[in-house]
Amino acid sequence: MFRVLVFGLFHETHCFLRGSTGLRDFEFMEGPAILNVRGESSPLGGFLEYADQQGWDVVPTLFATAVPGPMVEAEVFEHYWSRFEEIATSCLATGVDAIFAILHGAFVCSHQCDVDGEVLRRIRSLPGALSIPMFGVYDLHANYSQSMAMNADCLVGYRENPHTDARESAMRAAALLSRALSDRKRPRQVLKQVPVLLPPTATASRAQPMKRLLELARSLEKKHSSFWAMNVNAGFAYADTPDTGLSFSIVTDGDEDEAQKALNQLTELAMEHLEDCTSVLESMEQVFHRLMGMQRSGGIPGLTVLVEPSDNIGAGAPGNGTALLQAMVEYEIANGAICLWAPMAVKLLSKHQPGDVVLLEFESSGVKNNDLPLFIECKLLRLCDGLFEIEDKQSHLASMSGDHFNMGQCAIVTHRGVVIFLTSNRTPPMDLGQWRHVGLAPEKFSVLVVKAAVAHRKAYDPIAARQIWVDTPGPCSSNLKSFAYKKIRRPMFPLDDIVR
Ligand SMILES: [Zn+2]
């Protein structure tokens, strides 16, 4: 029976946001508690299921995760490492056959740009860890580093965005580990970083440029029997590090040349279509004039989802931007709805009764060139608890948090016909269970604002008559030239002109 040590360290870090992500924001699971997520839809759940099927003896160590957000404090990583080192050292001393990692790939600390690569490097330095295979799974939005390539034998990325395949990818990685253990083979990884930075709005796996890159990766994988896995890493544009950007990695037991040639093919394909690597969104004025026109000529048919990537919670934004709320009120949109992160407003409302009219203050805290806070009178409909079961166990949200998500205490209020759903915890809009849990039917609204770029689509595509991506001020703007990059490698499209 193989003994496999498992650990996880998971964060997507937005370096341009105000504030920081601290220990208070992280959820830690240690030792046997990790085994309790058996059956869940997360990558960890997928690994545990595969391990059970194989009869592996899983050695659970330490798992830490937080919702995407601002720069992580150095203390978080060092706290994690000191505890992990203690647990892992004693486990390794009793004999372990392999290590399995669950990572994101875009974790940045104030003292360490490449936390994912650094944790793998440190693990390799522990007694007994160099001689055993280290495999793992990571997110498609990874800023894949040389240290990740050098210090692991085989890392497998998700292939879908929205991330419907997180659990499946972990099982794919575990199956490759099983092959390494039974064949006593150790593959290695070859990485190619490309001078292209994709805004999250351009990283959907069913749209270009990702679609054709993923297709080529699948066909190269089939053609070369030495390739164990090929990864297309979209990168995470708001992590400002030397590794940020699009990259490709190959896990191979063949020769270096063969891998480099395949990586070059992918690179050429990406560079031939730079026009697909940016996205230009419609202005609020354009969008609302269109909606007004529809409203005047008999009403807006079906549900219109207004997608607001600049306040994309799944990419670290606060989810409290009020620009679209104000526009819905100003343009007198009937039957509109928006969900906002507003812990202070919920706290104030918790002292009130349904029916009370309360003056609420809304602050758009993540936004550069911040507007003044918005003060509006709202009528409280009800207060609700926020722990909900995720409806779609293959949703992007399940890839991050397993089967449940806690929005904290919630309040439903209205203001001039707009329903405002307030949460205490930042809640990425990736599962409709969020609305139904608080007694709202999202498909019944005419206009509904979603603070996401792509990850919401599996949930909202089936109920939306149309979706419109709107340009609003916010920290996850698709205009990457508006960010003051300091550490990213140059030249980098679209920040620089790339001569091909
Ligand atoms: Zn992702």
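Source: prediction; values computed, not measured. Counting starts at 1 for both ligands and their atoms, following the listed order. Index from 1, following the sequence.
Looking at Glu215 and Arg218, no side-chain N of the basic residue comes within less than 4.0 Å of a carboxylate O on the acidic one, giving no salt bridge. Under 4.0 Å is where a charged nitrogen must lie from a carboxylate oxygen, and between Asp165 and Arg159 no such pair does. With respect to the salt-bridge test (charged N to carboxylate O, under 4.0 angstrom), the residues Asp253 and Arg188 do not qualify.
Within Asp139, OD1 is the N, O or S atom that lies nearest to the Zn ion (ligand 1). Summary: ND1 is the N/O/S atom of His141 found nearest to the Zn ion (ligand 1).
Taking 2.8 Å as the threshold, His396 does not count as a candidate ligand of the Zn ion (ligand 1), since none of its N, O or S atoms lies below it.
Atom OH of Tyr238 and atom CG of Leu17 lie 10.0 Å apart (nearest 0.5 Å).
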